[in-house]
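First up is the structure itself, then whatever we jot down about it.
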Amino acid sequence: MGADTKAARRARVAAERENERQRRRRRQRLRNGAIVAVILIAVVGGLYAVFNKSEQASASGYEVGSPGIGKTAPGFSLASSSGGTTSLADARGKTVLLYFQEGLTCQPCWDQIRDLEKSSAKVKAAGVDEIVSITTDPANLIARKVTDEKLTTPVLSDPNLKVSKAYHMNDYGMMGDSRDGHSFVLVGPDGKIQWRADYGGAPKYTMYVKVDKLLADLKAGRQA
């Protein structure tokens, strides 16, 4: 009788241990399932964010780098094609469109300036008081190019890319990070950025934007 009682007790203890092991396995499976679910949610969310960003870039035709809308535009003072230096502070109280471009080797970039000048009435109607272009070529060569192209828009020289890097404009060029791409930054009277469009990034490396599209993008992006 005593032996039977001991055997029954051992069997009961073994059964309880087995039940506990099963409960632990079930809890572990539940935890693993929860972890997998969290990972899947994160992956799906990340893919959605990437896809959504791609869709937005595709729909607008440009990227928006940093500093972006609402940020204070980094100040600068650079040698100008018109002689002397031009600073962003000079334009305080005005709405200025900064046009960062590839420079002397990019004729479409200079065509862009010419067409903006020809459409000055439309540009003014869009709320732009002034346009200032910035590139990385030497000031004397820029001045000669401006004269040859019969342009009036001041083009500033940023040979060490200090200003370009402050605006991350050299992240969007087809020549690597040694030159700017094709980017526009609208700076309001208070020095805050109202709109930004980086057209020159991969894979299309756009170096010219029709004025009507540019102004439509500005209007739409400024309202966003």
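By convention here, the first residue in the shown sequence is residue 1.
A donor-acceptor contact shorter than 3.5 Å is absent between the side chain of Ser81 and the backbone of Ile142. The backbone N or O of Leu186 lies less than 3.5 Å from no partner atom in the side chain of Arg222, so there is not a single donor-acceptor pair. Side-chain N or O atoms of Asp90 include one that pairs as donor or acceptor with a backbone N or O of Ser87 at under 3.5 Å. Between the side chain of Tyr167 and the backbone N or O of Pro74, at least one donor-acceptor pair lies under 3.5 Å.
When each of Asp198, Ile134, Val132 is checked for a side chain to side chain contact (heavy atoms under 4.5 Å, CB included) with Phe100, only Ile134 meets the rule. Results of the side chain to side chain contact (heavy atoms under 4.5 Å, CB included) test with Val146 over Thr153, Leu141, Leu151, Ile113 single out Leu151 as the only residue that passes.
Taken together through direct or relayed side-chain contacts under 4.5 Å among Ile, Leu, Val, Met, Phe, Trp and Tyr, Leu215 and Trp195 form part of one hydrophobic cluster. Placement of Ile131 and Val211 within a single hydrophobic cluster is found when ILVMFWY residues are connected by side-chain heavy-atom separations under 4.5 Å, directly or transitively. Side-chain heavy atoms closer than 4.5 Å link hydrophobic residues (I, L, V, M, F, W, Y) into clusters, and following such links, even through other members, never connects Leu116 to Leu98. Criterion: ILVMFWY side-chain heavy atoms under 4.5 Å apart, direct or through other members. Under it, Val185 and Ile69 are not part of a common hydrophobic cluster. Hydrophobic clustering places Val123 together with Trp110 (ILVMFWY residues linked when any side-chain heavy atoms are closer than 4.5 Å, directly or through intermediates).
Under the salt bridge (Lys or Arg N to Asp or Glu O under 4.0 Å) criterion, Asp137 pairs with Arg179, not counting sequence neighbours. With sequence neighbours excluded, no residue forms a salt bridge (Lys or Arg N to Asp or Glu O under 4.0 Å) with Asp158. Remark: Tyr99 engages His182, Phe184 in a ring pair (Phe, Tyr, Trp, His ring centres under 6.0 Å) (not counting sequence neighbours). Residues satisfying the ring pair (Phe, Tyr, Trp, His ring centres under 6.0 Å) test with Tyr172, not counting sequence neighbours, are none.
Across every non-hydrogen atom of Thr105 and Glu102, the tightest pair is OG1-OE2, 3.4 Å. Closest approach of Pro189 to Gln194, counting heavy atoms only: CD-NE2, 4.0 Å. Among all heavy-atom pairs drawn from Gly61 and Tyr199, the shortest one is O-CD2, 3.6 Å. Here the closest heavy-atom approach between residue Ala202 and residue Glu63 is recorded as O-OE2, 4.1 Å.
Side chain to side chain, Ser164 and Asp180 meet the donor-acceptor criterion of an N or O pair below 3.5 Å.
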side-chain contact (heavy atoms from CB on, under 4.5 Å) evaluation trace for Met207 with Met174: CA-CA 9 Å; Met207 291 294 127; Met174 67 170 61; 4.0 Å; yes
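Each side-chain hydrogen bond (donor to acceptor under 3.5 Å, both in side chains) pair with one or both residues in residues 122-134, not counting sequence neighbours, appears once here: Lys94-Glu130, Gln101-Ser133, Lys122-Asp212. Every pair passing side-chain hydrogen bond (donor to acceptor under 3.5 Å, both in side chains) that includes a residue from residues 139-148 is listed here, sequence neighbours excluded: Gln107-Lys145, Lys145-Glu149.
Using a 4.5 Å cut-off on side-chain heavy atoms (C-beta onward), Leu156 and Val163 make no contact.
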